[in-house]
Amino acid sequence: MNYLCNFLKMAVLHNRISQKELKDRLNSEKETRITLSFYRYFPIPDPKLLRDEWYEKLDKLKVFGRIYVAREGINAQVSVPRSNFDELKNFLYSNEGLGEVRLNIAVEDDGKSFWVLKIKVRDKIVADGIVDPAFDMINKGKYLDPAQFNKLIEDENTLVVDMRNHYEFEVGHFDKAIEVPSDTFREQLPMTVEMLQECKNRNIILYCTGGIRCEKAGAYLLHNGFKNVYHLEGGIINYVNTIRETGLENKFIGKNFVFDNRLGEKIGDEVIARCHQCGKPSDLHTNCKNEACHLLFIQCEDCASKYDGCCSTACHDFIRLPSDQQKHLRKGMDKGRNVFNKSKARMRLIDDTQ
């Protein structure tokens, strides 16, 4: 009997509906949704227990999105029907350790960012690769609000460092920001320490999309002997919402990459990236239509039409094969971390010219 009860409970705590049906349900919804993100580093003694309790509650509120729970805290990107937003907020604030947590509301939102709820228990809410047992998140960098950020970046003794991945930096970043050309945050942390080794006494401002990566990076720099470390509170999302509400001068150029179905939020009119196929100005990220590839890359509208959403002629030819043949050829393929990366090539070019 206990086995049966546990089995039925697990069925409730996991989605059992096809992706197609879930997307169809989302598209047929009449009520608008609010897309938001939040995080906080705080100790969670039993992440699995919290995960199960949250799934039951958020499922009833029709929350979609992904939430990572670990002993070090929570990291979430979700959407919720507008009529359930206040109840969701009250639920979050009622959790010990999450009182008044910042809820970053999406800059651009069509309500179609997510179509299923996934809550996963992880070792870390941000994979950092840190193995030093002496490291902790107690000693963190100083928060900067958008006005303080704009003022401090005018100081010639200040360096601004982007703690996002190369494909995020490529489409948009703060003016004069330093790129750490890496594929993962795990790679980025030691690279940042190495790149800034001669700048330990300068003002270092770190930023990312919502604040979670730069908060941990700030603690890591302080752990490695840096002195004046700051990070932008609430990240790019809070910065943009604030400047639009207050009229503060915008220092961000281009587009903000986001990790959901939208793949980006337009901040300004500038297009600073280029199509990875023809080189024309474009900041439209997409995944290759060939499911055996699924490469994340930038493709302009002309190339999207020419290649039918594929990253190459080879992938274009592949998707024209019979579906059974495509399925057979995909068996056993390991796409790994399939992201178009020009950042390291750019850095090598800069080094060669110096």
Open item on the list: Quick one, Gln299 with Tyr307, criterion side chain to side chain donor-acceptor pair (under 3.5 Å). Give me CA distance, side-chain angles, the key distance, then yes/no.
Closed with: CA-CA 10 Å; Gln299 185 178 55; Tyr307 295 98; over 6 Å; no

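Enclosure of atom CG in Asp123 is not indicated, since only 12 or fewer non-hydrogen atoms of other residues, nucleotides or ligands lie within 6.0 angstrom.
In this structure, Tyr239 has its ring center closer than 6.0 angstrom to the ring center of Phe174. Ring centroid separation for the pair His231 and Tyr143 comes in under the 6.0 Å cut-off.
Side-chain contact between Leu58 and Phe91 is present, with heavy atoms from C-beta onward closer than 4.5 Å. Side-chain contact between Ile272 and His173 is present, with at least one heavy-atom pair separated by less than 4.5 Å.
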Would you tabulate the side-chain donor-acceptor contacts of residues 310-319 under 3.5 Å, counting partners in other chains and residues two or more places apart, or write 'none'?
residue : atom : partner : partner atom : Å
Ser312  : OG   : Cys315  : N            : 3.1

Below 3.5 Å, can you tabulate the donor-acceptor pairs from side chains in residues 220-229 to any protein atom, sequence neighbours excluded?
residue : atom : partner : partner atom : Å
His223  : NE2  : Asp132  : OD2          : 2.7
Asn224  : ND2  : Tyr220  : O            : 2.8
Asn228  : ND2  : Asn201  : O            : 3.2

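Cluster membership for Ile253 and Val240, using ILVMFWY side-chain heavy atoms within less than 4.5 angstrom, is not shared.
Of the charged side-chain nitrogens involved, at least one lies within less than 4.0 Å of a carboxylate oxygen, so that Glu154 and Lys251 count as a salt-bridged pair. In this structure, Glu31 does not pair ionically with Lys62, as no charged nitrogen and carboxylate oxygen lie closer than 4.0 Å.
With 3.5 Å as the limit, one finds no donor-acceptor pair spanning the side chains of Tyr230 and Gln148.
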